[in-house]
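What follows is one structure encoded as structure tokens, with my remarks underneath.
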Amino acid sequence: MSYPFNQIEEKWQKYWEENKTFSVKEDPSFPKEKRAYVLDMFPYPSGAGLHVGHPEGYTATDIYSRYLRMNGYNVLHPMGFDAFGLPAENYAIQTGTHPAITTEKNINTFRRQIKRLGFCYDWDREVSTCDPEYYKWTQWIFEKLYEKGLAYESQAPINWCPNCKTGLANEEVKEGHCDRCGAQVEKRNIRQWVLKITAYAQRLLDDLDLVDWPESVKLMQRNWIGRSEGASVLFKVKGLEKSLEVFTTRCDTLFGATYMVVSPEHPMIDELVTADRKEEVSKYIAQAAKKSDLDRTDLAKEKTGVFSGSYAINPVNGKEIPIWVADYVLISYGTGAIMAVPAHDTRDWEFAKKFNLPIIEVLKSEVDVQTQAWTEDGIHVNSGFLDGLNKADAIKKMLEFLEEKKLGHKTVNFKLRDWIFSRQRYWGEPIPLIHCPSCGTVLVPEKDLPLTLPEVKSYQPSGTGESPLANIESWVNCTCPKCGGKAKRETNTMPQWGGSCWYYLRYIDPHNSERFVDEEKEKYWMPVDLYVGGTEHAVLHLLYARFWHKVLYDLGQVSTPEPFQRLVNQGMITAYAYQKKNKSLVPTDQVEERDGAFFDKQSGESLERVIAKMSKSLKNVINPDEVIAEYGADTMRLYEMFMGPLQVSKPWSTTGIAGVWRFVDRIWRMAEEKPLTDEEPTKELLKSLNKTIKKVSEDTSTLNFNTAISQMMIYVNDLSKLEALPLKAWKPFILLLCPYVPHLAEELWARTGGKASVCNEKWPEFDEALTVDDMIQVVVQVNGKVRAKLDVSKDASKDEIVSLAKQSENVKKYIDGQTIVKEIVVPGKLVSFVVK
RNA sequence: GCCAGAGUGGUGGAAUGGUAGACACAGGGGACUUAAAAUCCCCAGGCUUCGCGGCCGUACGGGUUCAAGUCCCGUCUCUGGUACCA
């Protein structure tokens, strides 16, 4: 009979639940180094249910957690739900169903699906970000940010998604489109709450050195933070008392600055524009305001701009240079104004060419700067006191000059911008602020938290920058906690990123009603030792969470400067797709396979098999429920780990999982068919076992699950040759299986007379001496080519091996009559002769 | 454009500078069966040879080395990030 996974998996899941096998406590008898916090990025419970991508990371952390437990660790391994979010709210707009109802339903589905996979979560620690008992503390942390001056109100133009009808953070805009829905974002002036993440820019950058994260993710964060060292330079404006301040990384090219540009949104623009230019400039500003970010970047590399009518004085040579208004200068970076050095900057060069502005070479160039910009380094020319100097020396000297004249100074700029934190939507944490006509903005007192969401009749956002909450007068109108006068509540809500900024702390102490997390418990577990999730959060969630954590650290609320010590990104699970010659993809149900080739059923056109993301339209989405129904959880888990390295993307193969099923089933049938015996295993089998324990231990601890599974397959192939299973070779193998196929392992363990749960057993040890074969194959190379393979004893001496090698018939053919000029012997591996 | 990462059989993938292709999938052959499914055993990078063997082969071109998938230089392709950031 084949493995009755339904029955056995249900049996053990029930056992684990009833016996609270995976319940974890802050047991002080575990020393600090024997405690581990293993965390998954919690899911957003969408209506579509679990995707095959979810179990990938969850299985990896599950195997690792179980492995650590068996190695004597106290392991915190929780799961919860990132439950605020737009899909539930959009569904509410369509159907009138309260998002809380939809969300609860979806969470129940997710929980059921996740539990069906047999993970060792401590479910008593489950959290949900939309639970008022949870978001009470999200609001509390916001209040701490506010008290620290890290939250402020702003009216600056922001990215607005017309489809989601809400403002977006810079991090949520991808190539000019909304990261969530793909709509093209617009610019809008809307009152916003903004978090001063820029105040932490330097520390967010520096502390990346403290964590064990993939270099690629660190790099993405470094790029996003975008630190650049340079100088602030003041340019006097002719006829005005004021100066125009610019940021430049190349103050040494100041002699080549032939004009200036201010962004259309620059605050000084009214003063700069002369009466005769007013009409034209106003027209230009209006046009620029209409453009989206995408228009200003992708589509319009063609430079546009207008002359303001004013001139600035170049501080190094006193020359008058024109000030232009152009949208290639961004208001949000630096000071929103630049000095233009067209000879050595491509953008400035294009602009200068278009508007016939002078181009002066100040770095010795290998090209004619009148025909193209020279953006490489060069010795300074035409630069007065800098002539002949290299870049570093010239920057230093220029800075000295500017500082002495009080016209500039060294400074640092960051690309990172403050975090637009308010959303004009319903289904999020209400921002706990009250607007009082006499006291101004006042925090909701801590005792009144959580500030819960009111019921609304319509979930439809107004689209005018007000959330649906603005229409609930009974909720909006309140009394000021300070003066007791009439006041109004803030109607914006928090973005989805708010709740996920600190959930890993709440897992530590999920039911505490006094504090967001108990101090001692926090110290017991933090930081997170391993955090596994998708790379899509490389900048967004991981940057925001680090920011909040650092604020909490500064407030003495948490004990570590960084929340996540080690991060691993799992690769995406992709699918096969079929491509026509014109590169368009054909839905899987329209594809026919004949003799290993693929054809379009309709046109008969031959198709190429390629790898693509799973998508509904391609009909290649794999549903975990169906996979489990067919093969069970153990096989599903094992297959996802066997597909390839955790960190890389790999395509789902329906035949691949069948192979893994055969492996699981083979183990089962072996246990059914072969008697267990107390007889000693053969030496050969013991060697295979010890090699397997060694390989599986090493590979599990380093998350190389695919090769660990390969080794277990090799061992099963060895076991299958036996008539009976020696317990001494069988029981340790069940322990190795336990993290990978826990249900099967429990059942097999019970059948050997072992006491449940096998998860509480000790991980097996191996004997190094038994991992080495007695006979070793040694390769003989002549001039780098393999000419013979010798079987020699592992104890054979170098001389013996060399003499054996020389006697080999095939080797003789290549060395006879030649002079051996070099002999290389790598013990246990090879002999290499160099002959002439 | 810039910055990362990756390119290995028909497929997924293995390989501390030391036998390239472990383990699997798909494929071929055989056993069992009335037959099929399931299962079990065997074969299997390409070319060549009756065979021993030989030659070629890790995207492409060079280099270092007794020895390179692995290290170095250059090129191409793909994936991800970012994009007028001064």
Side-chain angles (χ1 to χ4, degrees), chain A residues 2 174-176 214-224 226 228 230 246-250 253 261 293 296-298 300-301 303 326-330 332-341 344-348 350-351 413-417 535-536 538-539 569 572 574 576 595-597 609-611 639 642-645 647-660 662-663 665-666 669 704 706-714 716-717 720 777-789 809-810 813 821-826 828-835:
Chain A
S2 61
K174 297 269 141 89
E175 292 175 356
E215 275 310 312
S216 59
V217 176
K218 289 191 186 184
L219 197 74
M220 275 193 246
Q221 294 218 347
R222 287 194 183 107
N223 289 341
W224 192 262
S228 82
V246 303
F247 173 74
T248 175
T249 53
R250 293 303 300 267
T253 60
V261 183
D293 264 6
R296 275 175 74 155
T297 59
D298 256 27
K301 289 283 181 191
K303 298 283 180 289
D327 65 4
Y328 83 91
V329 171
L330 308 175
S332 47
Y333 185 77
T335 61
I338 62 153
M339 64 178 218
V341 184
H344 305 293
D345 181 286
T346 316
R347 298 154 301 182
D348 296 344
E350 284 168 7
F351 192 82
N413 232 300
F414 292 94
K415 203 175 89 173
L416 181 71
R417 294 174 217 165
T535 182
E536 67 273 18
V539 204
N569 290 126
M572 206 184 343
T574 52
Y576 290 121
D595 304 324
R609 190 171 82 173
V610 296
I611 287 168
Y639 174 61
F642 183 63
M643 290 170 82
Q647 295 87 343
V648 305
S649 294
K650 46 227 168 245
W652 185 275
S653 152
T654 39
T655 52
I657 191 167
V660 171
R662 278 203 280 274
F663 169 66
D665 189 40
R666 211 170 167 204
R669 281 183 290 108
N704 293 115
N706 56 329
T707 47
I709 295 165
S710 294
Q711 183 60 43
M712 290 194 274
M713 287 173 167
I714 293 171
V716 167
N717 288 342
S720 69
Q777 197 175 56
V778 170
V779 171
V780 186
Q781 295 183 345
V782 181
N783 284 350
K785 283 193 185 289
V786 178
R787 296 303 178 186
K789 295 170 184 180
E809 284 303 317
N810 205 44
K813 279 198 333 209
V821 294
K822 204 169 178 181
E823 283 178 9
I824 295 124
V825 182
V826 181
K829 289 278 185 190
L830 63 66
V831 179
S832 182
F833 297 120
V834 186
V835 300

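In what follows, every chain begins at residue 1, and chains take the letters A, B, ... in the order their sequences are listed. Computed from a predicted model, the values in this text were never measured in an experiment.
- For A/Phe663 and B/rA22, the CZ to P distance is 17 Å, given to the nearest whole Å.
- When the C1' atom is compared between B/rC60 and B/rG12, the two are found 25 Å apart, to the nearest whole Å.
- A/Val780 and A/Phe833 get closest at one heavy-atom pair: CG1-CE1, 3.8 Å.
- Looking at heavy-atom distances under 4.0 Å, A/Thr346 makes no contact with the nucleic acid at all.
- Between B/rC84 and B/rU79, the distance separating the two C1' atoms is 25 Å to the nearest Å.
- Inspection of the A/Thr654 and A/Tyr576 side chains reveals no N or O donor paired with an N or O acceptor under 3.5 Å.
- Remark: P of B/rG1 and CD of A/Glu350 are 15 Å apart, rounded to the nearest angstrom.
- Rounded to a whole Å, the CG atom of A/Leu830 is 15 Å from the P atom of B/rG17.
- Regarding A/Gln781, its CD atom lies at a distance of 7 Å from the C1' atom of B/rG18, rounded to whole Å.
- When the C1' atom is used for both B/rU11 and B/rG21, the distance is 13 Å, rounded to whole Å.
- Across all strands, A/Ser228 comes closer than 4.0 Å only to sugar-phosphate atoms, never to a base (heavy-atom distances).
- Two residues are said to be in side-chain contact when any heavy atoms from C-beta on lie closer than 4.5 Å; A/Phe414 and A/Ser228 fail this criterion.
- When heavy atoms are screened at a 4.0 angstrom cut-off, A/Val834 is found touching the sugar-phosphate backbone but no base atom.
- Nucleic acid contact class of A/Tyr576 (heavy atoms, under 4.0 Å, all strands): sugar-phosphate only.
- When A/Thr535, A/Asn569, A/Leu219 are each tested for a side-chain contact (heavy atoms from CB on, under 4.5 Å) with A/Pro214, only one passes: A/Asn569.
- In RNA chain B, consecutive stretches of 3 or more Watson-Crick or G-U wobble pairs with both distances under 3.5 Å are given as paired ranges: B:1-7 with B:76-82, B:10-12 with B:23-25, B:27-31 with B:39-43, B:45-48 with B:53-56, B:59-63 with B:71-75.
- Using a 4.0 Å heavy-atom distance criterion, A/Leu219 is classed as a sugar-phosphate-only contact.
- With sequence neighbours left out, A/Val826 forms a side chain to side chain contact (heavy atoms under 4.5 Å, CB included) with A/Ile824, A/Lys829, A/Leu830.
- Heavy atoms of A/Lys650 sit under 4.0 angstrom from primed sugar atoms or phosphate atoms, though from no base atom.
- B/rC76 and B/rC40: their P atoms are spaced 50 Å apart (whole Å).
- Taking atom P in both B/rC72 and B/rU65, the straight-line distance is 16 Å, to the nearest Å.
- Spacing between atom CD of A/Glu215 and atom C1' of B/rG5 amounts to 12 Å, rounded to whole angstrom units.
- Side chains of A/Ser720 and A/Arg666: a donor-acceptor N/O pair is present below 3.5 angstrom, by distance only.
- Taking all atoms of both residues into account, the shortest heavy-atom contact from A/Val835 to A/Asn783 is N-OD1, 3.0 Å.
- B/rU16 and B/rG7 are spaced 14 Å apart, taking the P atom of each and rounding to whole Å.
- Remark: C1' of B/rG17 and CD1 of A/Ile824 are 13 Å apart, rounded to the nearest angstrom.
- The side chain of A/Arg669 sits closest to B/rU39 out of B/rU39, B/rG12, B/rG13.
- Residues A/Lys785 and A/Lys415 each lie close to RNA chain B; by heavy-atom proximity, the contact nearer the 5' end of the strand is made by A/Lys785.
- Backbone-only engagement by A/Arg787 is indicated by non-hydrogen atom pairs under 4.0 Å involving sugar-phosphate atoms exclusively.
- The side chain of A/Lys303 lies closest to B/rC84, out of B/rG53, B/rA86, B/rC84.
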Inset, instruction - Sugar-phosphate means primed atoms, P, OP1 and OP2; the rest is base. With that split, encode nucleotides 23-33 of chain B 5' to 3' as B, S or - using protein heavy atoms under 4.0 Å. - result: BSSS-------
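- Look at the P atom in both B/rG62 and B/rA68: the space between them is 14 Å, to the nearest Å.
- Residue contacts for A/Glu809: at a heavy-atom cut-off of 4.0 Å it reaches no nucleic acid atom on any strand shown.
- Positionally, the nearest nucleotide of RNA chain B for A/Val778 lies more toward the 5' end than for the other of A/Val778 and A/Lys813.
- Side chain of A/Tyr333 to main chain of A/Arg417: no donor-acceptor pair is present (N/O by atom type, distance under 3.5 Å, no hydrogens or angles).
- Distance CD1 (A/Ile611) to C1' (B/rG13): 12 Å, rounded to an integer number of Å.
- In textbook terms, a nucleotide whose glycosidic angle is within 90° of 0 is syn, and B/rG9 is one such case.
- The nearest whole Å value for the distance from the CG atom in A/Asn810 to the P atom in B/rG53 is 7 Å.
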